[in-house]
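Below: the structure, in structure tokens.
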Amino acid sequence: METPDLRYPIGHPVLPDETLDRGARTAYMAQIATLPDQVRAAVAGLTPEQLDTPYRPGGWTMRQLIHHLPDSHLNAYTRFRLALTEDNPTIKPYDEAAWAELPDTASTPPAVSLALLEALHIRWIKLLRGLDDAQWQRTFLHPETKRTFTLDQALVLYAWHGRHHLAHMAHLVQREGWRR
């Protein structure tokens, strides 16, 4: 029996080569819109010790995952806005592992990042719902991967990203038998 890769519990993202239709976009936007409530539910009632438990050996803690989501999605929101206002901008990558080790990650209550994630996703979804078909085909360049992403592809990527980290959280809660 093959051991699952705990780093990628739902597999790697699969980005479309074709333009998404309105129904697909709506479904991915719904995943982004509901993520804050899902994260809040996933971590409700956890103790500080539980929040400081890594989801896998050598992996981030639940606390780091909670703080990582708004860090990452704030960058994503900015990338969308850049692509909508500039021609194929080169985005600024960041060292997400180093960000997870910064002092505010350990000292900020998770509720702060949950509130930030909720507010950010409200703005992000309002932006996304206002885009026309042509705007979804606008692009940005990621300089590390040398890949150009359409906003359709970025939508799929960040919907996956939320599900990916929710799966980390669910696996940890289940593995430890904390509840449910």
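Below, each value reflects all heavy atoms present in this structure, side chains not excepted, and no hydrogens, waters or symmetry copies. For the single chain, residues carry numbers from 1 onward in sequence order.
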Exercise: identify the closest heavy-atom pair between [X] and [Y]:
X	Y	answer
Met62	Trp178	CE-CZ3, 4.3 Å
Pro54	Arg175	O-NH2, 3.3 Å
Ile66	Pro70	O-CD, 3.0 Å
Ala42	Leu46	O-CD1, 4.2 Å
Leu69	Gly162	CD2-CA, 4.5 Å
Thr139	Asn88	OG1-OD1, 2.8 Å

Check: [Y] main-chain N/O paired with [X] side-chain donor or acceptor under 3.5 Å:
X	Y	value
Ser113	Pro109	no
Gln31	Trp160	no
Gln64	Ala100	yes

Between [X] and [Y], do the side chains contain an N or O donor and an N or O acceptor separated by less than 3.5 Å?
X	Y	result
Thr61	Asp52	no
Thr105	His67	no
Arg79	Tyr158	yes

Take a 6.0 Å sphere around [atom1] of [X] and say whether it holds more than 12 heavy atoms from other residues, nucleotides or ligands.
X	atom1	answer
Phe80	CZ	yes
Arg123	CZ	no
Gln135	CD	yes

May I ask you to check whether [Y] and [X] place their ring centres under 6.0 Å from each other?
X	Y	value
Tyr8	His164	yes
His168	His171	no
His161	His68	yes

Any side-chain heavy-atom pair of [X] and [Y] under 4.5 Å:
X	Y	answer
Leu114	Val39	yes
Val156	Pro16	yes
Gln50	Thr47	yes
Glu118	Arg40	yes
Phe140	Leu151	yes

Nearest 0.5 Å, what's the [atom1]-[atom2] distance between [X] and [Y]?
X	Y	atom1	atom2	value
Ile122	Leu127	CD1	CG	14.0 Å
Leu128	Tyr77	CG	OH	9.0 Å
Thr19	Asp133	OG1	CG	8.0 Å
Leu166	Ile10	CG	CD1	8.5 Å
Leu15	Phe149	CG	CZ	6.0 Å
Leu131	Arg129	CG	CZ	11.5 Å

List in chain and number order the residues that pass salt bridge (charged side-chain N to carboxylate O under 4.0 Å, His left out) with Arg56, two or more places apart in sequence or in another chain; answer none if no residue qualifies.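 None.
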Residue among Leu155, Leu20, Thr150 satisfying side chain to side chain contact (heavy atoms under 4.5 Å, CB included) with Trp136: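 Of the listed residues Leu155, Leu20, Thr150, the side chain to side chain contact (heavy atoms under 4.5 Å, CB included) partner of Trp136 is Leu155.
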Decide whether [X] and [Y] are clustered together by the hydrophobic rule: side chain heavy atoms of Ile, Leu, Val, Met, Phe, Trp, Tyr closer than 4.5 Å, transitively.
X	Y	result
Ile125	Leu117	no
Leu35	Trp124	no
Val43	Leu120	no
Leu65	Leu51	yes
Leu74	Leu157	yes

Table please: side-chain donor-acceptor pairs of residues 92-99 below 3.5 Å, with sequence neighbours left out.
unit_1 : atom_1 : unit_2 : atom_2 : d
Asp95  : OD1    : Ala97  : N      : 3.3
Asp95  : OD1    : Ala98  : N      : 3.0

In terms of ring plane angle, is the pair His73 and His121 parallel, tilted or perpendicular, where the classes change at 30° and 60°? parallel
Can you name the side-chain hydrogen bond (donor to acceptor under 3.5 Å, both in side chains) partners of Asp87, sequence neighbours left out?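 By the side-chain hydrogen bond (donor to acceptor under 3.5 Å, both in side chains) rule, Asp87 matches Arg138.
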